[in-house]
Amino acid sequence: MAEQDINQLLQVRREKLSALQEAGKDPFQITKFDQTHHSDEVRALYEEHEAKLLAGRPAVNTDGMDEEAAKQAINDDYNERRAIMDADPIHVSIAGRMMFKRVMGKASFCNIQDLQNSIQVYVARDAIGEDTYADFKKSDIGDIYGVKGYAFRTKTGEISIHAEEMTLLSKSLQILPEKFHGLTDTDTRYRQRYVDLIMNKDSKDVFIKRSLMMREIRNFLANRDFMEVETPMLVENAGGAAARPFFTHYNALGEERKLRISLELYLKRLIVGGLERVFEIGRVFRNEGVDARHNPEFTLMELYQAYTDYEGMMELTESMFRYLAEKVVGSTKISYNGVEIDLGKPFERLTMTDAVKKYAGIDFDTVADDEAAKALAREKGIEFEDRHKKGDILNLFFEEFCEENLIQPTFIMDHPIEISPLTKKKPSDPTKVERFELFINGWEMCNAYSELNDPIDQRERFAAQDANAEAGDDEAEHTDEDFLNALEIGMPPTGGIGYGLDRLCMLLTDSAAIRDVLLFPTMKSLNPAKPQAAGADNGFFAPNEGIDFSNVKIEPLFEEQVDFDTFSKSDFRAVKVKACQAVPKSKKLLQFTLDDGTGTDRTILSGIHAFYEPEELVGKTLVAITNLPPRPMMGIESCGMLLSAVNNLKDSEDEELHLLMIDNHIPAGAKLY
């Protein structure tokens, strides 16, 4: 629809509101409505009442009748049933948004959508009055109504409400998406979740199930005598996980603070204090990329139980996952993306070493030392850093070869000490720790330890983490002196575990991406203050006023060693982005699936993730060199190069990359000169 037409329709809605206000019928002055039932409750109540009043009444028999007689018999039977029901009506009062309206002279139909579902309403002029009916005829899709009336079943068998009162409770001044197609644009769905919840029942059901999941987690833990607590979000030392924090400034104290990346260290302080079973459900913040399973702020649950170990945490986890599946899904067998996952069977248990032996064919117990492990990594094409030790490389092998195979619930146990700075060593093998991760559908669902309670050992491990930070690891932990002091006071043997609840919700609701289970996921700002260039909707993009164009240059593709004749042989083509996703285990790379005009999808990887999120690039037209030899990157063949402009930031060594985006009218495969 043209923008001018939309503006006219919006203006009409405002004129209708003004007319209502001038007539003393301002809907925004109404403060409440007596809502007694929701749509599904009305249906259930009517069916129960109908079964009682019509008990024993046989179905109409039309055998041997011609078409006209059968039609009359069915009509008579309906009228008789209707008369019985109407003599003892069920009066209800519902409220919700009008999603459909059909006006037919003196009687009309509309659909009212509420929290549970939608229900048809029969609106007759004689029943609600001439003035109210006239106002109803002028109503718009999206208006919120209160309806009082009685339930009945139409001739087509649909349970409906015969309106006796209609009250406009709120006037909708915006236009909802067209009902048949709904709201399908994912970016708009995430940014305008309120519209998504109105238009997409499946989306609303996900968040109703999420709420149920959270309630049942609390019920499960309450039955095991856990106490729910709250700990600080603004912290001096963001510890308890390997992640890069967000920073903020505390004005009142004149000090820098971090947003927490974990709940662990404060909850352990409470175990020291004698609160033997504690848990917290809260937001944590990690300054990392966004992909299908990661959001920079997410909901974490951590719990700690004194006088148990990681075996006790395995039992608790297995029991809780079964319990939640039954409560939220209704069965211990769930389906994710068409694959059945059985939470009812005992969960498989594998050590990390045994998993790598099973799926990669390498026994790390026989690998002599760090250098031998690095040699194996080079042989298998696994990237590592100089500071990595044998245990780090074992973990890299696990991530590369094992995770994707762990579809059914599997506990991966006994991690190397190098990647577990807060975990007790195994008495039988001090190179490993008493830790497990639960994997389902190839995802890590939780992380658990026999918690380290030796303050001397903990100080040594913090020192190792400090050394990693100095070597350039921006996810390393730092020494926390107050936590060490708490351990010196004395912490009992303790089992602890952390669960990413957004990912668990994805699993239980069969949701493809973490943003589908977050009501308001993190999105890149649209920055409406910036002017948009004319024609932007057709693929032209406004200049970014934040760029200092005096420092802009086209990114050097081949430095100075390529002459013009060689450079001119590069095949520059317009390509359209069909799909884009973050490359697992990489903070920089995005994987593009491109239409290059050949009819075969082209894959190109680009280190652009620091500047763009995957979803904002889908549908864009970019420029690529398409005749370069394939280059393996992170185990994926990249077939070409996407072109960017590089911006050298003024008074800084930092650079910004900007993908070259061109008019979307240019077809895929068009050659650029």
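A quick note: this is a predicted structure, and the numbers were derived from the prediction, not measured.
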Exercise. Would the number of heavy atoms belonging to other residues, nucleotides or ligands and lying under 6.0 Å from CD of E326 be above 12?
Worked result: yes
For this session: Might you work through the ring pair (Phe, Tyr, Trp, His ring centres under 6.0 Å) test for Y323 and F220, ending with a clear yes or no?
Result: CA-CA 8 Å; Y323 173 88; F220 177 87; 5.4 Å; yes
Exercise. Are V235 and R257 close enough that some pair of their side-chain heavy atoms sits under 4.5 Å apart?
Worked result: no
Exercise. Can you check whether E481's main-chain N or O pairs, donor with acceptor, with N485's side chain at less than 3.5 Å?
Worked result: no
Exercise. Can the ring centres of F398 and F439 be said to be less than 6.0 Å apart?
Worked result: yes
Problem set entry | Closest approach of L197 to L519 (non-hydrogen atoms, all atoms of both residues) | CD1-CD2, 4.3 Å
Problem set entry | Intermediate values then yes/no, side-chain contact (heavy atoms from CB on, under 4.5 Å), F364 and V356 | CA-CA 8 Å; F364 264 76; V356 170; 4.0 Å; yes
Exercise. If you draw the axis of the six-membered ring of Y266, does the NZ or CZ of R269 fall within 45° of it and under 6.0 Å from the ring centre?
Worked result: yes
Exercise. So how far is it from I608 CD1 to F592 CZ, rounded to the nearest 0.5 Å?
Worked result: 7.0 Å
Exercise. Does a sphere of radius 6.0 Å around NZ in K204 hold more than 12 heavy atoms from other residues, nucleotides or ligands, not counting ones at 6.0 Å or beyond?
Worked result: yes
Exercise. Do D370 and K374 meet the salt-bridge criterion of a basic N to acidic O distance under 4.0 Å?
Worked result: no
Exercise. Looking only at heavy atoms, what is the nearest atom pair of A512 and Y336, with distance?
Worked result: CA-OH, 3.5 Å
For this session: For atom NZ of K426, decide whether the heavy atoms of other residues, nucleotides or ligands shown that lie under 6.0 angstrom number more than 12.
Result: yes
Exercise. Do Y304 and E302 get their side chains close enough for a donor-acceptor pair, meaning under 3.5 Å?
Worked result: yes
Exercise. With no hydrogens and no angle check, do the side chains of E434 and Y449 hold a donor and an acceptor under 3.5 Å apart?
Worked result: no
Exercise. How many angstroms lie between atom CZ of R459 and atom CG of D480, to the nearest 0.5 angstrom?
Worked result: 10.5 Å
Seminar exercise, completed: Of R515, R283, R286, the one forming a salt bridge (Lys or Arg N to Asp or Glu O under 4.0 Å) with E297 is R283
For this session: Would you please test K425 and E460 for salt bridge (charged side-chain N to carboxylate O under 4.0 Å, His left out) and show each step?
Result: CA-CA 13 Å; K425 297 174 184 175; E460 291 172 355; 5.5 Å; no
For this session: Quickly, which of L394, L376, T353 forms a side chain to side chain contact (heavy atoms under 4.5 Å, CB included) with I362? Name it, please.
Result: L376
Problem set entry | 4.5 Å side-chain heavy-atom contact, Q408 and D342 | yes
Exercise. Between atom CZ of R503 and atom CZ of R293, what is the distance when rounded to the nearest 0.5 Å?
Worked result: 5.5 Å
For this session: Determine, stepwise, if the pair Y310 / F411 fulfils ring pair (Phe, Tyr, Trp, His ring centres under 6.0 Å).
Result: CA-CA 11 Å; Y310 77 146; F411 289 121; 9.6 Å; no
Problem set entry | Pair K390 + E418: basic N to acidic O under 4.0 Å | no
For this session: Decide whether H415 and E437 meet the rule of one side-chain donor and one side-chain acceptor closer than 3.5 Å.
Result: yes
Exercise. Are K524 and Y612 in a cation-pi setup, meaning NZ or CZ lies under 6.0 angstrom from the ring centre and within 45 degrees of the ring axis?
Worked result: yes
Exercise. Between E399 (side chain) and L396 (backbone), is there a donor-acceptor pair under 3.5 Å?
Worked result: no
For this session: Scan side-chain atoms only and decide if D354 and T351 contain a donor-acceptor pair under the 3.5 Å cut-off.
Result: yes
Distance-only check: which donor-acceptor pairs under 3.5 Å involve side-chain atoms of residues 236-247, not counting sequence neighbours?
| residue | atom | partner | partner atom | Å |
| --- | --- | --- | --- | --- |
| N237 | ND2 | H478 | O | 3.2 |
| N237 | ND2 | T479 | O | 3.1 |
| R244 | NE | N287 | O | 3.1 |
| R244 | NH1 | D474 | OD2 | 3.3 |
| R244 | NH2 | N287 | O | 3.2 |

Problem set entry | Interatomic spacing from CD in Q192 to CD1 in I198 - rounded to 0.5 Å | 10.0 Å
Problem set entry | Donor-acceptor contact below 3.5 Å, side chain S638 vs main chain L605 | yes
Problem set entry | N453 to L487 - nearest heavy-atom pair and separation | CA-CD2, 4.3 Å
Exercise. Can you check side-chain contact (heavy atoms from CB on, under 4.5 Å) on L316 and R224, steps first, answer last?
Worked result: CA-CA 9 Å; L316 183 147; R224 294 202 173 203; 3.9 Å; yes
For this session: Determine yes or no for a side-chain-to-main-chain donor-acceptor pair under 3.5 angstrom, with T317 supplying the side chain and M313 the backbone.
Result: yes
Exercise. Considering all heavy atoms of both residues, which atom of L501 and which atom of M213 are nearest to each other, and what is their separation?
Worked result: O-CE, 3.5 Å
Exercise. Hey, mind stepping through I393 and K389 against side-chain contact (heavy atoms from CB on, under 4.5 Å) and telling me if it holds?
Worked result: CA-CA 6 Å; I393 292 173; K389 298 181 179 179; over 6 Å; no
Exercise. Around M523, counting heavy atoms of other residues, nucleotides and ligands shown, do more than 12 lie under 6.0 Å from its CE?
Worked result: yes
Problem set entry | F226 six-ring centre to R277 NZ/CZ under 6.0 Å and within 45° of normal | yes
Exercise. What's the spacing between L343 CG and I440 CD1 if we round to 0.5 Å?
Worked result: 5.5 Å
For this session: Tell me yes or no: between the side chains of T231 and E280, is some donor less than 3.5 Å from an acceptor?
Result: yes
Exercise. Is a side-chain N or O of D457 found less than 3.5 angstrom from the main chain of D454, in a donor-acceptor match?
Worked result: no
For this session: For Q581 and P614, indicate whether the former's side chain and the latter's backbone hold a donor-acceptor pair under 3.5 Å.
Result: no
Exercise. Does R193 use its side chain to pair, donor to acceptor, with the backbone of P521 at less than 3.5 Å?
Worked result: no
Exercise. What closest approach, in Å, do K424 and E451 show between heavy atoms, and which atom pair accounts for it?
Worked result: CG-O, 3.4 Å
Seminar exercise, completed: For V229 and L270 the tightest heavy-atom approach is CG2-CD1, 3.7 Å
Exercise. side-chain contact (heavy atoms from CB on, under 4.5 Å) between S420 and R435: does it pass, once the steps are laid out?
Worked result: CA-CA 8 Å; S420 310; R435 173 184 174 187; 2.8 Å; yes
Exercise. How are the rings of Y499 and F321 set relative to one another: parallel (under 30°), tilted (30 to 60°) or perpendicular (over 60°)?
Worked result: tilted
Exercise. Within a radius of less than 6.0 Å around CG of L253, do more than 12 heavy atoms belonging to other residues, nucleotides or ligands occur?
Worked result: yes
For this session: Please check if the side chain of R210 supplies one atom and the backbone of V517 the other of a donor-acceptor pair under 3.5 Å.
Result: yes
Exercise. Does any N or O in the side chain of N395 come within less than 3.5 Å of the main-chain N or O of P416, such that one atom is a donor and the other an acceptor?
Worked result: no
Problem set entry | Over 12 foreign heavy atoms within 6.0 Å of CD, E255 | yes
For this session: Please check if atom CG in D369 has more than 12 non-hydrogen atoms from other residues, nucleotides or ligands closer than 6.0 Å.
Result: yes
Seminar exercise, completed: Separation between NZ (K268) and OG1 (T494), nearest 0.5 Å, reads 8.5 Å
Problem set entry | Donor-acceptor contact below 3.5 Å, side chain D205 vs main chain I208 | no
Problem set entry | Side-chain donor-acceptor contact under 3.5 Å, R322 with T332 | no
Exercise. So, Y190 and D516: side-chain donor and acceptor under 3.5 Å apart, yes or no?
Worked result: yes
